[in-house]
Amino acid sequence: MKLNDMDVLVCSCEGTMAIDGNALGKACGDAVKPAHQLCRAGIETFETAVRATDRLLVTCTQEAPLFLEAAEAFDDAATDLRFCNIREKAGWSTEKPGSASRELTAKMAALIAEATLNIPDAPSVTMESNGELLIVGPAEVAMAAAGRVAERLDVTVLVTDGGGGESQDALPPRIMTMPVFKGRITGATGHFGAFEVAVADFEPASPSARRGFGFDGIGDKGRLECDLILDLRGGDALFTASEKRDGYFNPAPANPSAVADALLDLVDMVGTFDKPRYVDYDAALCAHGNSGIIGCTRCLDSCPTGAITPAGDKVAYDPYVCAGCGTCASICPTGAAKYTLPAGDALYARLRTVLTTYRKAGGAAPRLLVHDSEWGEDMIAALARHGGGLPSNTIPFSLNAITQPGLEFLLAAAAYGAAGVSVLAAPHQRGETDGILGELALANRVLDGLGYGDGRMRLLDDADPDALSERLGDDVPAIAMPQAEFLAMGRKRSVMTQALKALHEAAPNPVDAIALDAGAPFGAVVVDTAGCTLCLSCVGACPTGALKDNPDKPQLSFAEAQCVQCGLCKNTCPEKVITLEPRLSFAATALTHVVVKEEEPFQCIRCGKDFGTRSTIERMVEKLGNHPMFQTAGGTDRLKMCEDCRVVAIATEDEQPMAFGTVPVTRTTEDYIRERDAMGGDADADLLAKNSKTEGEA
């Protein structure tokens, strides 16, 4: 079979899978003849195919190592060899081997079509480790761990127990092959390949200690730099979300197995490593702040590793610390943060492919199961091997992190026809899912408001495969979903606009607006026009261009579709006349700028030039009319003049516009000599005192 310019080999795994070859071939647009045992008895079929094409997909992941080894034997083997799993994800189910329901065949076609897509590589950063390992902890456990890896890594030990004198917890090695210090850690920063640990009471090991480790010195502050850290103190970790900090290990020192696992990982962490740059940040779209006034802090509040920090009016992303959870991109209201794994618009291309292929192959009411490549894959395998497998209309959709989908992903899935989206989280991730839970709730609110019913989007965190199987079979509203096929491209707001348009056009209840809770990334800016002076501070603060001025006249306009409810306009407004109204509007006027307030400009009383708004000038005159500086006749007239006429009036109408007091006369040497001679030679002291006083006054 050939699909998307890629040859495809399908195997029934010795007839254990329910595959309808004719129906699958019809769904994929090419004839399919499933192999019986492609990895053993039918290996020649694979060898022939891998030599005859440059691009080959094999629908088996379990035996991928065997296929790769077989391909290495040929110089003319395919340069693009891929594998996809249709066995645990589809074939091993309640369907009888040799036949398949329409939904199951459609799911297989969707999985195969997805695997043939060309996904661009994500951008990456490079980290380098020279194997400089810092081991921290009590002398006995720290030295024991150091001894096991000293020949593989460049080890430094920091003993954190004991006071002065000698420590009896451990004996120094017969030959000191590593530096040993004592101290108290006060802080740690950095990342894999570039850690920095601050130490107080820093003292080196004494070479003359006899019965145990001794330390001498004055206990200064110190700093240790290293590539890797093994923390055996047994207390709080040095970093938040320490399990996500590459190069940092914090096993329980009382658990020898955990310590051994950490040491095994550490010895392999030497060399140059590429790490995905998970987030593409566009500062121009960021709504964090403006002119020192803070608006949105969602990414800062949600980042578990501290990879995001304030940077003035914007934020800074540290790609070396970022662990790739994607929560920031999920909850970012403007799309300033975009997840890059996969890169570009490949995520939406995958989503569109699986759902449209499933539908065109005859499947009905598809449900999407979003999962990761670890816990999710294990649970799917457990369901297939020990239960009835996934429901035939449930399409598994693997992501790097289950916390990365945002509202735009969920709405796009619904617009493409997904009857429901379930996000499968591991039990240990329950404390990390607040962001995705908020996005799921908001998606349900929108779909329910449009008449599609509630409860289509949900989070599943069952540890029991049987319980998970039951929940996957739960009913969802029977209302038909749209069958859109738009090409989702761009950042968050662009994709969301496309999805919302498709959902509204097919909605059972196409309302003009849906009321939302405070904090939602949609809404209106309500301006008390009576108090607004059209100072346009809100326009300068708005990060998305929702508020706009008119260069030709005093005017303020607003486009609701561009508003993310960050609150910067409200916080910036000097008159405090702006309030926020969270809602999602589908009205045509929401897509364009609508005039909120406009005034006739004030005309300069001297030249007639338009230079400001009438309300602003009149308010200034009212507030400054009683000020002492404006009590003379015509004192407030200058406020009614344009910037040019104001300068002219000051220069021509004021009697002494440049006056600032008596200008002192410059004194020369001749002046001093003349005065001295006039006073007589005995008056030098008096003259000196006089001159000093004169210069001081000057």
Side-chain angles (χ1 to χ4, degrees), residues 279-290 295-299 302 314-315 317 326-340 343-349 351-352 404-416 435-436 438-443 445-447 449-450 484 486-505 513-514 516-517 519-525 539 541-548 557-569 580-594:
V279 177
D280 171 23
Y281 172 64
D282 186 351
L285 298 176
C286 183
H288 173 58
N290 182 274
C296 177
T297 61
R298 298 185 186 190
C299 61
S302 66
K314 306 301 179 182
V315 299
Y317 278 77
T327 302
C328 58
S330 170
I331 63 177
C332 178
T334 65
K338 182 178 181 180
Y339 204 73
T340 62
D345 300 314
L347 176 64
Y348 308 123
L351 184 64
R352 179 177 182 270
Q404 78 181 70
L407 181 62
E408 77 287 1
F409 175 90
L410 300 173
L411 294 179
Y416 286 143
I436 186 62
E439 299 298 287
L440 292 167
L442 184 54
R445 182 74 169 268
V446 172
L447 293 176
L450 290 173
F486 60 88
L487 293 175
M489 295 185 294
R491 290 185 176 265
K492 186 168 197 160
R493 301 296 287 197
S494 173
V495 175
M496 209 141 42
T497 299
Q498 292 175 289
L500 286 170
K501 182 176 183 292
L503 287 167
H504 187 259
E505 289 176 348
I514 299 173
L516 302 176
D517 296 331
F522 305 98
V525 168
V539 174
C542 181
T544 64
L547 289 164
K548 185 179 178 181
S557 60
F558 173 67
E560 186 168 340
Q562 298 179 30
C563 180
V564 296
Q565 298 283 285
C566 65
L568 276 172
C569 57
L580 304 178
E581 182 184 348
R583 68 181 187 185
L584 177 59
S585 175
F586 296 96
T589 54
L591 300 174
T592 60
H593 278 84
V594 178

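What you see below is based on every heavy atom in this structure, not just the backbone, and it leaves out hydrogens, waters and symmetry mates.
E439 and L410 make their closest contact through O-CD1, 3.6 Å (heavy atoms, listed as atom of the first residue, atom of the second, distance). Across every non-hydrogen atom of L516 and L442, the tightest pair is CD2-CD1, 3.9 Å. The two residues R493 and Q562 have their closest heavy-atom pair at NH2-C, 4.3 Å. Between L568 and A541, the closest heavy-atom pair is CD1-O, 3.7 Å. Nearest approach of L547 to C569, heavy atoms of both residues: CD1-CB, 3.6 Å. Closest of all the heavy-atom pairs between P405 and S330 is O-OG, 2.8 Å.
Around the NZ atom of K314, the shell of radius 6.0 Å holds more than 12 heavy atoms that belong to other residues, nucleotides or ligands.
Using a 4.5 Å heavy-atom cutoff, the side chains of F586 and I514 are in contact. Residues P543 and C286 fail the side-chain proximity criterion, which asks for heavy atoms closer than 4.5 Å. Looking at heavy atoms from C-beta onward, R491 lies in side-chain contact with D280 at the 4.5 angstrom threshold. No side-chain heavy atom of P333 sits less than 4.5 Å from a side-chain heavy atom of Q565. Proximity of L285 to T544: side-chain heavy atoms (C-beta onward) are nowhere separated by under 4.5 Å.
Between the side chain of K492 and the backbone N or O of A336, no donor-acceptor pair lies under 3.5 Å. Checked by atom type and distance alone, the side chain of S494 never pairs as donor or acceptor with a backbone atom of G490 at under 3.5 Å. No side-chain donor-acceptor contact under 3.5 Å links H504 to the backbone of A499. Not one N or O on the side chain of S557 forms a donor-acceptor pair closer than 3.5 Å with the backbone of V594.
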Candidate pair L407 and F522, rule side chain to side chain contact (heavy atoms under 4.5 Å, CB included), full reasoning:
CA-CA 12 Å; L407 181 62; F522 305 98; 3.5 Å; yes
Determine, stepwise, if the pair V446 / L500 fulfils side chain to side chain contact (heavy atoms under 4.5 Å, CB included).
CA-CA 9 Å; V446 172; L500 286 170; 3.9 Å; yes
Checking E560 against S585 for the side chain to side chain contact (heavy atoms under 4.5 Å, CB included) test, could you report, in this order, the C-alpha distance in whole Å, the side-chain angles of both residues, the deciding distance, and whether it holds?
CA-CA 8 Å; E560 186 168 340; S585 175; 3.3 Å; yes
Steps toward ring pair (Phe, Tyr, Trp, His ring centres under 6.0 Å) verdict (F486, Y416):
CA-CA 8 Å; F486 60 88; Y416 286 143; 4.8 Å; yes
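Aromatic ring pairs are classed by plane angle as parallel below 30°, tilted from 30° to 60° and perpendicular above 60°; the pair Y317 and Y281 is tilted.
To the nearest 0.5 Å, atoms OG1 (T592) and CZ (F558) are separated by 11.0 Å. Taken to the nearest 0.5 Å, the CE atom of M496 stands 14.0 Å off from the CZ atom of F409.
Among L347, V279, T327, the single residue meeting the side-chain contact (heavy atoms from CB on, under 4.5 Å) criterion with Q404 is L347.
Looking at K338 and D345, a side-chain N of the basic residue comes within less than 4.0 Å of a carboxylate O on the acidic one, giving a salt bridge.
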